[in-house]
Amino acid sequence: MQHINSGDTAWMLVATALVMFMTPGLALFYGGMVRSKNVLGTIMHSFIMLGVGTIVWVLYGYSLAFGPDKFHLIGDLSWIGLRDVGMAPNANYAATIPHILFMAFQMMFAVITPALITGAFAERIKFSSFLVFMVAWMTLVYSPIAHWVWGVGGWIRNLGALDFAGGTVVHINAAFAALAAVLIIGKRKGFMKEAMHPHNLPMTILGAAMLWFGWFGFNAGSALTSGGLAAVAFVVTHIATAAAALGWILIEKIKTGKPTTLGAASGAVAGLVAITPAAGFVGPIAAIAIGFTAGIVCYLAVGLKFKFGYDDALDVVGVHGVGGIIGALLTGVFASTVINPAGANGLVHGNPALLGKQLIAVAVTIGYTFVASFIILKVIDAIMGLRVSEEDEITGLDLSQHSEIGYALGGFGGGTLEHGASGSVFQPETSSEPSYAMQTNPLNERL
Amino acid sequence: MKKIEAIIKPFKLDEVKDALSSIGINGLTVSEVQGFGRQKGHTEVYRGAEYTVDFVPKVKLEVLVDDNLVSQVVDTIMDAAQTGKIGDGKIFVFPVEDAIRIRTGERGSDAM
């Protein structure tokens with residue numbers, strides 16, 4: 001048995017917490033972009049995945065993804081409920097940290113990946129159907145693909161395609177599930193007819209900043225050790241993100257005349273997505289090329305939804321799908337064994353074969369996730385319906401799905417308080433005497 | 001008794017309020033409104049998608065005055081709210097049948 005390395009373990013504990021922080025970051029990133037009547041519903045789609053994703057992962061998801069291989073396609077159920085996943089390292093995955101820590105790190109990936117999809121069907125999905133979809137998707141799509149790419153014995157891993165931190169498993173996977181969802185659930189009422197402004201861009205910028213911060217754990221943590229490789233992944237992640245934010249606002253300036261904050265935030269996320277598969281395999285200059293390309297191409301890609309008439313509400317396909325494909329393919333171009341001897345050389349280092357493998361990994365992921373997600377969504381739609389009623393959609397998800405509102409600014413009347421059982425302390429004041437608060441509030445005195 | 005309703009540029013509100021106070025107007029009602037007239041709206045761009053926003057934010061202010069004060073109040077509002085550019089707003093004058101102070105039940109000019 002290998003010995004636990006305290007430096008590696010300390011770093012991976014921190015990295016795991018950093019990746020956890022990305023999901024609430026995503027919640028704010030998405031939440032700011034919807035209309036104010038859907039802010040809580042949208043935030044909830046991401047936030048509750050910390051609940052759903054965690055429980056599914058612990059019960060059987062981790063075992064399906066990383067458990068002992070069956071037919072190069074799926075893990076078996078021998079680690080169900082985290083049986084045999086303990087303090088001793090598992091040398092197949094990470095030889096110097098506790099196995100349960102590797103599991104926890106992967107758990108945060110399994111939480112955020114399905115949450116990424118939610119931007120596509122924002123502002124119109126029924127919460128109950130959303131929950132069912134998420135459980136089914138983690139079981140039938142995420143766990144198998146994670147096994148193919150990362151599991152020992154997985155067929156894409158055996159193929160030799162490179163994916164350092166999850167460009168295919170996380171981003172391409174989520175994005176093409178999102179495309180299937182967009183096709184099945186249909187457009188938001190009023191799409192392309194009425195303006196659907198982001199209601200709180202400062203919230204979106206804060207979310208993007210949290211994603212950027214958490215992504216250091218995502219990419220540098222994927223080294224699974226603390227040392228040179230983690231440091232390189234950390235630095236190229238930052239460089240690509242910077243280049244992508246600049247690339248996006250540059251093309252935006254050329255195309256529409258003004259650089260925007262939403263553009264800077266979107267570009268940063270596109271850069272983070274694109275560098276994800278490449279992080280442990282490329283150097284700083286390649287990172288600039290990857291990020292800059294992603295910033296420009298993703299900007300052009302998000303405009304396509306209006307041409308096709310697909311209502312990918314928050315551009316999951318344009319940013320994560322296109323950014324993920326750019327990253328996977330450019331990994332095949334720029335990867336170098338100088339950076340990572342365990343990787344491979346790419347096109348510019350004399351090995352065109354890697355690009356072919358990257359292409360296969362991308363195509364297979366797109367094909368499987370699109371078809372499987374499409375079927376899952378069709379079945380759920382037939383059984384319980386995916387969409388909220390038209391009336392609920394107009395009201396907004398906050399009130400119709402969760403009975404609350406995001407902002408109580410001004411407005412008239414507080415309504416009456418009905419809470420708890422009869423006689424509870426929360427019962428409204430029924431006596432005819434004015435309440436204590438009414439008498440002493442100086443505001444009331446003045447009025 | 002007349003109600004004077006003025007639609008003005010929001011940043012002019014304080015000047016108008018101070019000018020009205022200085023001629024002895026001691027009460028008015030203000031609301032944030034949106035509308036369009038000759039002043040054009042503006043364009044917003046989100047991820048390359050352009051939205052035209054037709055409605056321009058304005059402030060609506062309502063003052064109740066005795067008939068003999070109408071022209072003075074109208075002139076005061078005009079002076080204070082004017083910038084000379086399109087979008088300065090409008091002033092409307094309406095007849096008012098009665099006014100009642102809720103606390104005391106006073107009516108007409110006494111309620112103002």
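Residue numbers start from 1 in every chain, and the chains themselves are labelled A, B, ... in the order their sequence lines are given, proteins ahead of strands.
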Surrounding [atom1] of [X] (heavy atoms of other residues, nucleotides or ligands, distance under 6.0 Å), is the total greater than 12?
X        : atom1 : answer
A:Phe213 : CZ    : no
B:Glu32  : CD    : no
B:Met78  : CE    : no
B:Phe94  : CZ    : yes
A:Lys187 : NZ    : no

With chain B, the option among A:Leu262, A:Val302, A:Thr261 that has the most non-hydrogen atom pairs under 4.5 Å is A:Leu262
From the list A:Gly318, A:Gly303, A:Pro198, the residue making the most non-hydrogen contacts under 4.5 Å with chain B is A:Pro198
Quiz prompt | Side-chain heavy atoms of B:Val53 within contact of A:His197, under 4.5 Å | solution = yes
Between A:Ser266 and chain B, with a heavy-atom cut-off of 4.5 Å, which part of the residue counts as in contact: side chain, backbone, both or neither?
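For A:Ser266, heavy atoms of backbone and side chain both lie under 4.5 Å from chain B.
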- Quick one: what part of A:Leu201 sits under 4.5 Å from any heavy atom of chain B, side chain, backbone, both or neither?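 Just its side chain gets close to chain B.
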Turns out that what part of B:Tyr51 lies under 4.5 Å from chain A's heavy atoms comes down to side chain
Rounded to the nearest 0.5 Å, the OG1 atom of A:Thr256 sits from the CZ atom of B:Arg47 at a distance of 13.5 Å
_Nearest non-hydrogen partners of B:Gly48 and A:Tyr299, listed with the distance_ =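 Smallest heavy-atom distance, with atoms named: CA-OH, 3.6 Å.
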